[in-house]
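Let me begin by presenting the structure, written as structure tokens, before commenting on it.
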There are 2 protein chains.
Amino acid sequence: MKKAPEKFRFAAMAVDVPVFGLVGEKLYCLVSTVNRPPHYLNKFGFLGGMIKSSETAEEAVCRVLFEKGNIKDLYLEQLYTFSAVERDKRNRVVSVAYIGLVPPEKVLTYKQDEASFKPIDELSSLAYDHDEILKVSLTRLRGKLSYTTIAQFLLPKSFTLTELQTVYEILKNTKLDKRNFRKKILALDILKDTGKSQEGVQNRPATLYSFKSKKLEELNLVI
Amino acid sequence: MKKAPEKFRFAAMAVDVPVFGLVGEKLYCLVSTVNRPPHYLNKFGFLGGMIKSSETAEEAVCRVLFEKGNIKDLYLEQLYTFSAVERDKRNRVVSVAYIGLVPPEKVLTYKQDEASFKPIDELSSLAYDHDEILKVSLTRLRGKLSYTTIAQFLLPKSFTLTELQTVYEILKNTKLDKRNFRKKILALDILKDTGKSQEGVQNRPATLYSFKSKKLEELNLVI
DNA sequence: GCAAAAGTGTTAGGTATACACCCATGC
DNA sequence: GCATGGGTGTATACCTAACACTTTTGC
């Protein structure tokens, strides 16, 4: 594969990937510290890096997450391409942003020197245009929650209906009726009863469910 | 603005823009002939071109559509970024694809040497990865039709309810009940009666409506 | 037995669907 | 007066939303 003619190769192409995880009542996002004087001093930013000439954008995302965050095997989807001329004040960098989602256990056990999960309400004034990327990400997440099975990627393999309901409540910032939520979600026929129950809880153990399909599915109904 | 360091500038960044318009019962798309031996011989392809160092992707789209197709002032939205390494067999070119929508009169009056509107069922075996871009475009269009006011950009400023219904029927490839469609669309409170009616038609003249908002709005209900 | 979360049904109001005939206009 | 598409209402089935108490478990 030849390179493009020099005159067209003015920009670098990057990927940036906010990785989200939900623990308890809080949404977390993976960030690392960005220190690039003079413009970006001790700010948080998502993991990101340059796309290589042999890679697709998605391959670059996987490589960057593994190299810089030791994260792999997660749900990824392309979010949007950010191309504002001054989005990186140092150079022209066009960024293809992706969203990553991980289940709670990955957030809880995460231990790396360079990156960590922070509650999103503690993220403001991020490096580059990452404030905007965060905003677009959350809008996308909220939207897809309503008409797809994307919630599965924020949950453990098996989970209780209350946990699933919490995903909706936190991300949509709303309170749902337990009985109605259960009726609706079970009627969608996307879950299966694992036959198991919670163990070691102090209250009545809840039935554990899992998604019938491990892929993102579109729903007919809106939750 | 400095250029990115040379080692990162391996690829060219392009935009590609299928522009759609609906006339009668057919969806049309703007294409031009691509002749780039040895890989692309006399194929159709969407309008596209390289992003310049001073431009955002959207600015490049506007410039390219105007320069190569003499089209401006249309609805545009970013579709997806296509980055397969071999998507352009000649060089590494990453493309940020957009969708454009124009009203029927722009399709009907379109006359340019280099580009023309073709019915989409006549488009196959397009240049580059444009077959895939077309597929993704149509999926997006169909999806957004259901929960946004995107239909407005495929219609004249004022239109009949039957014309609006036809947009849904053609793009979703379905037949809708006239009475139910009218009830539903009027209940959404997104249209206003212009007070005018069709003229010069051989049947009872239909009331002309327009959208209250000229921007893309999200709907609560699904059509 | 108490604390904590799980689990479960009914009713009323609203929405979606199915369906057929008269109306206004031009020729 | 006829051909053409415009415009309208109702009844039924379904879905949605509101609402509170009993069950199971660990301690």
Side-chain angles (χ1 to χ4, degrees), chain A residues 22-26 104 145-147 151 155-156 158-170 172-210 218-223, chain B residues 22-26 104 145-147 151 155-156 158-170 172-210 218-223:
Chain A
L22 196 58
V23 177
E25 306 274 299
K26 277 198 168 176
L145 207 56
S146 296
Y147 66 93
L155 287 168
S158 69
F159 49 86
T160 69
L161 292 182
T162 301
E163 285 167 344
L164 178 56
Q165 184 176 337
T166 305
V167 174
Y168 284 88
E169 290 182 339
I170 300 301
K172 297 202 158 273
N173 192 30
T174 178
K175 195 91 190 81
L176 299 172
D177 178 85
K178 184 160 60 157
R179 279 168 293 190
N180 292 336
F181 179 79
R182 281 159 192 248
K183 262 180 292 182
K184 212 185 284 192
I185 204 90
L186 292 174
L188 289 173
D189 196 34
I190 53 177
L191 300 182
K192 57 171 184 246
D193 186 333
T194 62
K196 297 181 183 155
S197 298
Q198 282 183 313
E199 287 176 23
V201 287
Q202 223 162 322
N203 44 33
R204 173 171 173 178
T207 302
L208 292 169
Y209 289 84
S210 63
E218 304 246 332
L219 307 176
N220 307 314
L221 282 186
V222 172
I223 293 180
Chain B
L22 196 58
V23 177
E25 307 274 297
K26 276 198 168 175
L145 208 55
S146 296
Y147 65 93
L155 287 168
S158 70
F159 49 85
T160 70
L161 292 182
T162 301
E163 284 167 345
L164 179 55
Q165 184 177 336
T166 305
V167 175
Y168 283 88
E169 290 182 338
I170 300 300
K172 297 203 158 270
N173 192 31
T174 178
K175 196 90 189 81
L176 300 171
D177 178 82
K178 184 160 58 158
R179 279 168 294 191
N180 292 336
F181 179 79
R182 281 160 191 248
K183 262 180 294 183
K184 213 185 284 193
I185 203 89
L186 291 174
L188 288 173
D189 197 34
I190 53 176
L191 300 182
K192 58 171 184 246
D193 186 333
T194 62
K196 297 180 183 154
S197 299
Q198 283 182 312
E199 289 177 18
V201 286
Q202 225 163 319
N203 43 34
R204 173 171 172 178
T207 303
L208 292 170
Y209 288 84
S210 63
E218 304 246 333
L219 307 176
N220 306 314
L221 281 186
V222 173
I223 292 179

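Being a predicted model, the structure only gives us computed values, none of them experimental. Per chain, numbering begins at 1; letters A, B, ... match sequence-line order.
Whole-Å rounding puts the A/I185 CD1 to D/dC15 P distance at 16 Å. Between the CD atom of A/E199 and the P atom of D/dC27 there is a distance of 13 Å, rounded to whole Å. For B/K175 and C/dC19, the NZ to C1' distance is 14 Å, given to the nearest whole Å. Across the protein-nucleic acid pair, B/L208 atom CG and C/dT25 atom P stand 14 Å apart, rounded to whole Å. B/Q165 places its CD atom 12 Å from the C1' atom of D/dG6, with the value rounded to the nearest Å. Per the geometry, CZ belonging to B/F181 stands 13 Å off P belonging to C/dA16, to the nearest Å. In this entry the distance linking CD of A/Q198 with P of D/dT24 reads 16 Å, nearest Å. The distance between atom CG of A/L186 and atom C1' of C/dG9, rounded to the nearest whole Å, is 14 Å.
Phosphate contact (OP1/OP2 of C/dG7, side-chain N/O of A/T207, threshold under 4.0 Å): present.
Checked by distance alone, A/R179 brings a side-chain donor or acceptor within 3.5 Å of a matching partner on the base of D/dA20. Remark: the B/K184 side chain and the C/dA16 base include no donor-acceptor N/O pair separated by less than 3.5 Å. Checked by distance alone, B/N180 brings a side-chain donor or acceptor within 3.5 Å of a matching partner on the base of C/dA18.
The side chain of B/A206 sits closest to D/dG7 out of C/dG7, D/dG7, D/dT24. Among the nucleotides D/dT23, D/dG26, D/dG7, the one closest to the side chain of A/Q202 is D/dG26. Taking the side chain of A/K183 as heavy atoms from C-beta on, and the options D/dG6, C/dT10, D/dC19, the nearest nucleotide is C/dT10.
Within the structure, side-chain hydrogen bond (donor to acceptor under 3.5 Å, both in side chains) pairs that include any residue of residues 191-203 of chain B do not occur (at least two apart or interchain).
For the atom pair CZ (B/F159) and CG (B/L164), the distance works out to 5.5 Å, reported to the nearest 0.5 Å. Put simply, OG1 on A/T162 and CD on A/E169 are 9.0 Å apart, with the number rounded to the nearest 0.5 Å.
Along DNA chain C, the nucleotide nearest to A/T162 and the one nearest to B/N203 differ in position, and the one closer to the 5' end is contacted by A/T162. A residue-by-residue look at A/K178 and A/G200 shows that A/K178 has its nearest nucleotide of DNA chain D further toward the 5' end. For B/R204 and A/R182, each mapped to the nucleotide of DNA chain C holding its nearest heavy atom, the one lying further toward the 5' end belongs to A/R182.
A/S146 and A/K172 form a side-chain donor-acceptor contact under 3.5 Å, judged by distance and modelled atom types alone.
Checking side-chain atoms of A/Q165 against main-chain N and O of A/F181 turns up no donor-acceptor pair under 3.5 Å.
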